[in-house]
Amino acid sequence: MLKIQDLHAYYGKSHVLRGANMTVNRGEIVSLLGRNGVGRSTLCKAVMGLVPPVGHIEFDGKTISGKQSHEIAHAGIGYVPEDRAIFPGLSVVQNLELGMKKKGQTGEKWTLDKVYEWFPRLKEREHTPAEVLSGGEQQMLSMFRALMGDPQCILVDEPTEGLAPKVVADVAAILKQMAEDGLAVLLVEQKLSIALDIADRIYIMGDGNIVYEGTPEELKNNPEIRKEWLEV
Amino acid sequence: MTTRNALELKGVKKNFGRAEIIRGLNLEVHEHERHVIIGPNGAGKSTMFNLISGRMKVSDGSIKLFGNDIHNLPAHKVNRMGLSRSFQVTNLFQNMTVMENLRCSLLWSEGHKYAFWKSVMGQQAVTDRAYELAERLNLTEQAEIPASLLTYAQQRSLEIGCTVASGAKVILLDEPTAGMSRTEANDVIQLIQRMTGENTLVVVEHDLSVVFELADRISVLVYGEIIATGTPEEIRNNAAVQEAYLGTEVH
Amino acid sequence: MLETIAYSIFNGVLYGTLLFMMSSGLTLIFGMMGVLNFAHASFYMLGAYFAYTFGLGTGFWVALFLAPIAVGAMGALVERYGLRRVHQYGHVPELLFTFGLAYVIEELVALFWGTVPVAYKAPAALNTTAFTMFGLDYSWFKVFILLVAVAMFVGLWALIKKTRAGLIIQGALSRPDMVGALGHNVPMVFTLVFAFGCALAGLGGVVGGIHFVTDPGMAFMMGPIVFVVVVLGGLGSVPGALVASLIIGILQTFFLSVNFSLADSIGTLGIENSGFFGVLWHMEATRIAPVLPFLLLVLTLIFRPRGLFGKREA
Amino acid sequence: MATNTAAGSTNLLKLWPWVVVPLVAIVLPFLFDSGHAINLLSHMGVAIIFALSYNMLLGNTGLLSFGHAVYYGLGAYVAMHLLRSINDAGGEGLPIELLPLVGAGAGLFFGIIFGTFSVRRAGVVFAMITLGLGALVHSSSLMFTDFFGGEAGLFGYRDEAPSLFGVDYAPSRNVYFLVVAWAMIAAILIYLLKKTPLGWMANAVRDNPERAQFVGYDPTIVRFIQFALSAMFAGLAGGLFVITDEIVNDEAVNALTSGAVLLGTYIGGIGYFIGPIVGGTLVTFLESSLSAYTEAWVLYFGLMFIAIVMFAPMGLVGIVHTQYLNWKAGGWKGNTGARLYILLTGLVGIFGLVCVIELAYHYFRSWDPSAPFALMGVTVDATNALPWLVSFGIAIIGFGLMLFHGNPMLKRKLGAKSDGGKA
Amino acid sequence: QEGPIRISYIEPLSGPFANVGDAGLKHFRFAAEKMNEQGGILGRDIEIVAMDNKQSPSESVQLVQRSIDEGINFVTQGNGSNVAGAMVEAVDRNNRRNEDNKVLYLNYAAVDPALTNERCSFYHFRFDAASDIKLEALSNYMKSRDDEIDKIFLINQDYSHGQFISKRMKELVDEKGIEAEIVGDVLHPIAQVRDFSPYISRIQQSGADTVVSGNWGNDLSLLVRAIDSAGLDVNIYTYYGGGLGTPAAVGPRGEGILYQITEWHADVNVDEGLTEYEKWFQEFKERYPEIDWYYHRIYNQMHMLKAAIEEVGNAEDIDAIARALEGMEFESQTGTITMRAQDHQILQPMYMSVMDTNAKYDADNSGVGFRTVANIPVEQATVDTTCDMRRP
Ligand SMILES: Nc1ncnc2c1ncn2[C@@H]1O[C@H](COP(=O)(O)OP(=O)(O)OP(=O)(O)O)[C@@H](O)[C@H]1O
Ligand SMILES: Nc1ncnc2c1ncn2[C@@H]1O[C@H](COP(=O)(O)OP(=O)(O)OP(=O)(O)O)[C@@H](O)[C@H]1O
Ligand SMILES: CC(C)C[C@H](N)C(=O)O
Ligand SMILES: [Mg+2]
Ligand SMILES: [Mg+2]
């Protein structure tokens, strides 16, 4: 579904992505692991067109590299950035509404009501300005906002940051639910535990490249790789 | 060892409109202790920090810092009384270099106030302190780099450095390790331990390994109330805490 | 007295609607996009001149539609090739850009249409008396003003309620990249909204140019009053702008209609008409009226920085 | 942005501008010795102080003011009243050299009064309060004629006042030297002010008022002190203006004066200490000189602002500085040609545009458009198509080459060097 | 001395008042050209050097200085008494400090009486009727019609010009014994009022039948329009009813109700058979179709300057030229006019006229012109002065 070939990305002069290749399929959760600062977030941004990508990105058989980010979003990719990027001046519902591609139009699987069901706190806070939400609430809001746009593929960058352990489990459940609904999920995670728990496949990034690909089991059984690319 | 209370919250309440977020919160933080606050998302931990540090006004109740009432004082006054805080979202002087950030954080506590008749660079004491801080933060090499160009982890360190710089006796840190890898988090914990030494420390954290490593005592904040306070051991074994916060998945 | 009050309210409302017309576009541009558009009054002026020029060929009623469209198109160009570039640098450059633009537009207008006022008049149909109140005639044109203002209010209302332009813009002001990543074409929305705001200014000009005078000085004369309305009403609030316009209109009209000074009503108390307080004491209400909006502005901002209906402070 | 990376230990070599600039300033009136030129120079001096004081707000503290002329003007009025009383007393009283101090005192006084309620917020609220205050004070200046002298204003005589050094201030050159002296004093003080705890915290408050609170500072008070001091220097400039012009009227407090100082400061570059100096000088010069050369000066003025804002957002000093840094860092290597090419084609384009504008003004404004008319030294007939075609042609070719040939060329060359996209 | 005799024309040529400045410039240029055709002054051409003062007093002071630098000995200006005041100061100051490079200031329109009273200057000459003189003439006319005038309403701009009218008119009603009552007196800020209807309601409520206003520019156009659109039945007495832009903005609405007091208007040529001057007028119109020859005083001013220079025999001895102008009598198109020596104020016959669509010449191509309703002889258009002039 999402196919990345030989992807490069730059910040000014610094060359961050150096020819990454990966694919994400419908209905699967793919975890992207790696040390801090290797460029996992950059990969998400490059896919979304927020950082100019050099290379080839294909979604649903169509080339999306080089397109404007709103076009990419319309092609069906949702994005949950690592800093959450909630809109501070807007209320919770307004944030969710902005997630919809057309006014008042969500997909069938995720609707406002469904969101409120999953996370009643958001319903209570419906009309409060989003910037006063607690850190965890903001994280949830950011994720649900992406879902409002009814994406077929979703890039989730460190969704469990700052979440209480109990909520982390909720997030995992939501991600699983998404995959079951047939979405392609690319999960960028720091916490090995959850990544290994729910992922179908795993990529590890190092030096701006994909250095490892495998299933969670394989990785669990491969301490050298973990040692070399994930730990210090 | 004295058990003088550095911070004392009594019956503190805070509501936003009709929503009551903090509902009669009682908390005592002893002097020199490292006190960690845990609790579910949206329990009111950051709000509590905002109340203590003067960023928000309390609706009811009292807050005492070493026995002095500080609730509803403006933030800068609270700070001058010896309390300093960091933010959940990095909050630095982005256009200033590391040294400048540190210097700015030192100015008041070094007694320079609003002076417009002396040069900052001429204040040797400030310069020395700032260099010393930068060294302890491992930011000497980045000393002349604007804060906005630091890596995330470096920014968090600087944030802690600025918080500690003012020489406050009580330091509040809101999720100091958020967004960091294990190793980075470990560094930061060490940094905190190194930097805060004798100070009283109140930390909000979700990362349990950090929590248990750092804490002398732990309080659990749920729905605007402290439901339990105790040593890490006590908390780990507290059923109510497990139910409310840790969930099934205890690491 | 009753007559004065009734009259003030009625005329104040009329004046208020005119103010609203001129400032409604700015509510979008300044209030929502945060662009301190000093050239707003220039677009208003262009509206008047376009309507006058088109009107020579097509008659007033067609020009009524063409002129705002033309002004809107110019607004779109300005946004696309000027403001968009400047936007990233912040508010002050934006302000200065529009400042320069105001100069340029004024000069070009003077160049093409001359420095003397043009004879831009209401069509004969609107020049007839609609009704008479307290011995003063009110022409159909004044009724027309009211109608246009209502139409503008409804148009703005619809834009804000029926589309998410407002949300998109507000979101984009803090996180433009994220709004894009959610599937919204941010640059286009900005262009459209700016163009719409300019078109509203143009429509204001089509009407205002008749009611006032159409000359190159008209933009300058409109001056900061439009800002006062928008800020007083609360940034981005259309009802706020309307209410602020009406308040200014009514209050000012009332002050102008009464014979009042502290000395008159309380007595001179031996205070002479000199020195700061003396002059103030003897100052007639009529002389204060014109600075009233500014007084109101300063007081409001001191005690309620977000304006009457504003949700946020900028 | 703000270059408050202090020079560390006093590096004597870095002090050269403080020596060279005054020397040049002292030589200037001997090079340009007409009365008008000297007046212009004096005005530049006043404008420099005023712009520097304005930048204490905008550049250093992040406060956008639309009403800075209030303090300049009120300073001038108070100083003028004193000068008049000195005149009336037959030239007895405060020496004229110290008159600007009276203006400064008045500026400070009103800065303190108005500052108490305007600086509680920054941003748009502050900007709009200053706009309103400016309008109120300006209206008052026409209402309270006792103090302000109505729209005719007030006059005084600088040569009917005592001098500390026995200088005769009737000749404008002597006044000019007084202006230079005060401008130097003000510039040094304002420069030093940036280096003090207050100056630093002003920057801090501009960048992040919240954080400033949590290091113990009250942003309101920081803004307030900066505001009051800035008003004081504005008042100083006003007091000096009284000496140079010997007249004050409502113009000194009006919106145009407030606008001009904003424009000048910004155009020079608010992130640099010398930005306001360059900007104040330039705007003063253009405003009084451009109009002598062309009827279309307002249009050029407007276009120039637009161009600077669009292409040099850091101001003129900013663009020179960044290019200089770039050049020093070797960023010009291999593409100096491309840069010069852009500059050249740009100039050609501007030349063409100027021709078009001049033609248009002649065509639309003069009573006989067909009268022969000297355009750039060539006599042409504006009703003829040829000069238009040529002018448009030059403009289009110039700008066209710049935008569609020069720019891509530079981009390619830069791209080849860093093989990077944009960030 | 060789070369042309140059006169600096210091007026707004940009900004909101540019139209007025531009029109004046065209007057001067035209007059200069006509005179040059006749041989100029002492055989030298007259050249008008346009300088843009942006309607700013301090800028004007600069321009006086620039004129001096460029060796120009004559400056002329008229728009705005505040500018005029500053220029008088500047000229005086220069002539005191700069003995061998003096300038003469010829004022063609700034009407503040102070300029020829407490602030009069040897180097300032006013060719327009001062405000008090205009008011004198106006009130003399009103006296003659006081059976129709019962209630007078004063509405003026809130600056010295308007304040003066408001104050002086009240005195004049008593002094002249005009059998009418002042029922209202308002001042409004200059160039800021956008909607005059509140003022109109006050006029209406006061029951006034006559409005006196010194307003000019938009402040007058808007006032007249508002009066007309409210259907108020009043006569409006003004200074500047025929001023640039006003007839166009007012249009036929002003017919029969808008009066002005001037030293001349276009139909005077027709009424008095001044064929020469009519030709002058028409030629001007041909050249500048969008405006009209309006400032008769510029004609006077230029010719009187010529006479003075020719009497002195050179254009450089400013003191001598000023002395020649002092007390000069000149046969103008409309009769003998005198430059009163005591204060340098011109004394001339004036005309009371009213807007009329049937006038032969319309103003500003608006379709309306002016028709004389009364000739005010010089004696009725004279006011004593308190000027105590310092002469070199
Ligand atoms: N806006 C930027 N400008 C310059 N460099 C940047 C920028 N954003 C990121 N970088 C650098 O690019 C590299 C990759 O960053 P990225 O955010 O993609 O890493 P990551 O793998 O997501 O790490 P993290 O765990 O911190 O989220 C880092 O070295 C970072 O410092
Ligand atoms: N200004 C406010 N107005 C309304 N509600 C608020 C405001 N500030 C906080 N809240 C609400 O109060 C609750 C507590 O928020 P707080 O930020 O204190 O939580 P927290 O314990 O820090 O959670 P987290 O661990 O997720 O950061 C949240 O539900 C939040 O939405
Ligand atoms: C423009 C002019 C009509 C101004 C008027 N003469 C005055 O003295 O102010
Ligand atoms: Mg990342
Ligand atoms: Mg929190």
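Residue numbers begin at 1 in each chain, while the letters A, B, ... track the order of the sequences.
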Correct closest heavy-atom pair for M178(C) and P81(A) would be SD-CG, 3.6 Å

The reported gap from CG in L98(A) to CD in Q170(C) (rounded to nearest 0.5 angstrom) is 9.5 Å

When the 4.5 angstrom heavy-atom criterion is applied to Q94(A) and chain C, the contacting part is both

From the list M100(A), H70(A), R145(A), side chain to side chain contact (heavy atoms under 4.5 Å, CB included) partner of L182(C) resolves to R145(A)

F227(C) meets the ring pair (Phe, Tyr, Trp, His ring centres under 6.0 Å) criterion, sequence neighbours left out, with F30(C), F38(C)

- Side chains of F87(A) and L167(C) in contact at under 4.5 Å (non-hydrogen atoms): no

Minimal heavy-atom distance between S69(A) and A181(C), with the atoms involved, is OG-N, 4.0 Å

Among residues 147-166 of chain C, residues within the sub-4.5 Å heavy-atom range of chain A, in order of number, are K161(C), K162(C), T163(C), R164(C)

For Q139(A), the side chain to side chain contact (heavy atoms under 4.5 Å, CB included) test, sequence neighbours excluded, returns V80(A), R84(A), P159(A), L163(A)

For A73(A) and G180(C), the nearest pair of non-hydrogen atoms, with its separation, is CB-O, 4.2 Å

Between I86(A) and R175(C) the two heavy atoms that sit nearest each other are O-CG, 4.2 Å

Which donor-acceptor pairs under 3.5 Å do the side chains of residues 146-154 of chain A make with protein atoms, sequence neighbours left out?
none

- request: Answer yes or no: does atom NZ of K3(A) have more than 12 heavy-atom neighbours from other residues, nucleotides or ligands under 6.0 Å?
  value: no

One should read off an interatomic distance between H184(C) NE2 and H74(A) NE2, to the nearest 0.5 angstrom, of 7.0 Å

So, the part of E97(A) with a heavy atom under 4.5 Å from chain C: the answer is both

